[in-house]
Amino acid sequence: MADLWEVVGGAETGGIIVRKGCDVKSEAEAERLGTGAIIECLGLQGERLRYRKLQGVGPETGWVTVKLKTKDLVVKTTRQAHEQPAKIGGAADIEADSSNTLQSDDIFAALDALDKPQGEQHSHARSAAESGAHAQLFDLLFGHDDADEKELTAMLHQIVSGIGDRGVAHFLLWRRALPLLFDAGERGRHANLLRLLCDSQCGFLEPGSDRAMNEVACDTPTQEEPSGVVVFLMGWGGGTVPDMDDAVAFYRGMYPGAVIVRLTCAAKGSFGLRCECAYGIRAASHAWARAAQSCKPKLLVHLFSNGGFNTWAEMLRCWRAVGESHKQHPSLAGPLPPMADVLRGVLLDSACNAEVPIEACIQSHLQSMAAAVGLTVASDHDGSEAGKRAAERNGKKAVLVLLGDQSPAKAQLANKPKDFLQGMSNADVSAVHELEPPVELQFIYSRDDTIIAFPGIEEYINAVIARSSRLKFPTPQSLVFEKSKHVAHKVLHRDAYWKCVERFSSSVLVKSQP
């Protein structure tokens with residue numbers, strides 16, 4: 001009888017690390033082994049297990065750690081493949097066979113991946129995907145037997161990884177999937193495919209690909225010489241690069257010589273998220289190399305919601321891994337300075353909460369999905385005024401379907417294990433508490449935010465104040481609105497919001513000197 005094990009750790013980080021060899025310092029696979037996966041033990045050496053995957057997301061084979069200190073990561077099970085798990089490990093079961101530490105090879109693999117088609121080439125990827133072999137794959141996917149879930153999953157992964165941009169892939173997938181949303185009969189005939197599309201949109205089906213990066217952008221000075229100022233904008237779950245256009249315009253007006261990097265929050269713990277961080281590190285490295293020697297390197301981080309916060313946590317891990325490496329990656333323009341030497345301040349919009357209630361988890365995923373799908377449908381027209389109006393109506397209709405009481409996406413999310421959803425949604429506060437240097441912090445949040453509730457934010461603020469590294473540091477500043485929507489403060493309270501950002505950024509970038 002096969003020796004079966006189940007992955008119970010890694011719920012907060014998108015799975016547990018898989019390495020190609022038994023040694024914990026051997027090369028890591030790009031993709032993690034997902035929480036809930038069923039594996040067959042092929043060999044056991046101490047706390048290291050060689051496996052073959054039978055069910056779940058992640059590499060087909062490799063080596064994993066059985067237990068990290070007192071936390072079980074994989075356990076023996078009598079559950080057969082395709083049976084539903086009774087319980088998946090909680091958010092505290094974080095796979096960090098590194099305790100918030102990445103190996104240099106992990107981030108170097110992400111830097112290597114940047115040489116391949118990425119989210120920055122968004123329009124090119126879209127046009128390429130609409131023709132040729134990719135179009136044939138779409139036909140095969142939507143025409144395949146819906147009962148063959150394993151093959152549907154493999155085909156979906158092939159499409160997303162082949163296109164090389166998850167945003168573009170989902171744009172095209174949802175455009176083809178409109179009948180599944182609007183027609184109950186089609187929805188019934190393609191129930192498994194629709195469920196997989198929802199999982200993929202939420203980042204639950206991270207492709208095992210070195211291209212699985214969301215859309216990113218780097219805005220460089222057009223007339224001014226680089227000033228040494230770099231701004232990282234880290235978007236929320238479901239957010240897009242254009243959603244941060246107003247922030248780019250503000251920072252460009254304030255700091256004409258700044259390099260502004262936009263990252264759009266790939267799935268927590270995914271290789272795609274690490275690629276986004278690698279993109280930011282590379283952009284900062286070149287920005288500081290191009291600046292005059294008299295310009296000191298400075299970094300400002302402006303993040304949104306738990307999605308942006310988790311990008312920041314991954315960035316801190318990646319930054320340290322690069323800095324501690326004995327070798328320099330060829331894509332970087334020089335040695336990466338320690339984060340403590342360049343970070344000037346962090347502005348947190350609608351963040352963060354380490355224990356998001358399950359209802360808010362579901363609502364957050366639903367709203368992000370509905371926004372993405374609505375934009376996709378609304379942009380599918382022939383350019384005529386009548387076509388635009390019809391597409392806009394269809395976009396609103398798609399949003400209503402996804403947010404309504406009978407939403408197939410809502411039903412799919414409700415069937416997910418509670419600990420899994422919360423693990424994917426909760427803020428990765430342990431990494432930030434450990435790795436973030438003591439700098440000025442500005443919080444902007446609302447007391448009626450239904451996604452990231454203010455008590456969770458204030459609990460995090462109190463934990464920040466209690467850090468031993470900040471005992472002699474100023475208390476974080478807060479701008480609190482009584483009435484405002486999640487990550488919409490910059491629009492609903494435009495004047496107060498941008499005055500706050502102007503005051504904070506000026507105090508940490510202009511007045512502060514190394």
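Note that the numbering runs from 1 along the sequence shown for the chain. Below, each value reflects all heavy atoms present in this structure, side chains not excepted, and no hydrogens, waters or symmetry copies.
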Find out whether [X] and [Y] are in side-chain contact, i.e. whether some heavy atom of one side chain is under 4.5 Å from a heavy atom of the other.
X: L332; Y: R282; result: yes
X: R344; Y: V229; result: no
X: Y460; Y: H433; result: yes
X: L479; Y: F443; result: no
X: P221; Y: V259; result: yes
X: V429; Y: C352; result: yes
X: N310; Y: C265; result: no
X: L181; Y: V373; result: yes

Would you name the heavy atoms of [X] and [Y] that are closest together and state the gap between them?
X: V487; Y: D349; answer: CA-OD1, 3.8 Å
X: V356; Y: Q422; answer: O-NE2, 2.9 Å
X: P337; Y: V342; answer: CG-CG1, 3.5 Å
X: E440; Y: F504; answer: O-CZ, 3.5 Å
X: C198; Y: M369; answer: O-CE, 3.7 Å
X: Q201; Y: A372; answer: NE2-CB, 3.6 Å

State the [atom1]-[atom2] distance between [X] and [Y], to the nearest 0.5 angstrom.
X: R447; Y: F454; atom1: CZ; atom2: CZ; result: 5.0 Å
X: L421; Y: K416; atom1: CG; atom2: NZ; result: 7.5 Å
X: W319; Y: I107; atom1: CH2; atom2: CD1; result: 10.5 Å
X: S305; Y: M234; atom1: OG; atom2: CE; result: 14.0 Å

Pairwise side chain to side chain donor-acceptor pair (under 3.5 Å) hits with a residue in residues 363-375, at least two apart: H365-S425
Pairs touching residues 283-292 that satisfy side chain to side chain donor-acceptor pair (under 3.5 Å), sequence neighbours left out: none
Sequence-distant partners of N353, side-chain hydrogen bond (donor to acceptor under 3.5 Å, both in side chains), two or more places apart: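 Expected list: none.
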side-chain hydrogen bond (donor to acceptor under 3.5 Å, both in side chains) against E314, all qualifying residues, sequence neighbours excluded: R274, R317
Stacked cation flag R176 on F138, 6.0 angstrom / 45 deg: no
Derivation and outcome, side-chain contact (heavy atoms from CB on, under 4.5 Å), residues L435 and M339: CA-CA 9 Å; L435 302 176; M339 181 63 78; over 6 Å; no
Flag if over 12 foreign heavy atoms under 6.0 Å of CD, Q328: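 Yes, CD of Q328 has more than 12 neighbouring heavy atoms, counting only those of other groups under 6.0 Å.
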CD (E459) with more than 12 external heavy atoms under 6.0 Å: no
Could you pull out every donor-acceptor pair under 3.5 Å between side chains of residues 242-253 and any protein atom, sequence neighbours left out?
| from | atom 1 | to | atom 2 | distance (Å) |
| --- | --- | --- | --- | --- |
| D243 | OD2 | T240 | N | 2.8 |
| D243 | OD2 | T240 | OG1 | 3.1 |
| D245 | OD1 | R262 | NH1 | 2.5 |
| D246 | OD1 | K490 | NZ | 2.9 |
| D246 | OD2 | K490 | NZ | 2.7 |
| Y251 | OH | H302 | ND1 | 2.8 |
| R252 | NH1 | P256 | O | 3.1 |
| R252 | NH1 | A258 | O | 2.7 |
| R252 | NH2 | D219 | O | 3.0 |
| R252 | NH2 | A258 | O | 3.2 |

Any donor-acceptor pair under 3.5 Å linking the side chain of [X] with the backbone of [Y]?
X: S506; Y: E502; result: yes
X: K268; Y: N426; result: yes
X: T264; Y: E215; result: yes

Test item: side-chain donor near acceptor, H170 and S200, under 3.5 Å: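 The criterion, which ignores hydrogens and geometry beyond distance, is satisfied for S200 and H170.
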For residues 395-409, tabulate all N or O donor-acceptor pairs below 3.5 Å that involve a side-chain atom, not counting sequence neighbours.
| from | atom 1 | to | atom 2 | distance (Å) |
| --- | --- | --- | --- | --- |
| S407 | OG | L402 | O | 2.5 |
| S407 | OG | A409 | N | 3.2 |
| S407 | OG | K410 | N | 3.0 |

Ring centre gap for H489 and F304 strictly below 6.0 Å: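 For H489 and F304, the ring centres are not under 6.0 Å apart.
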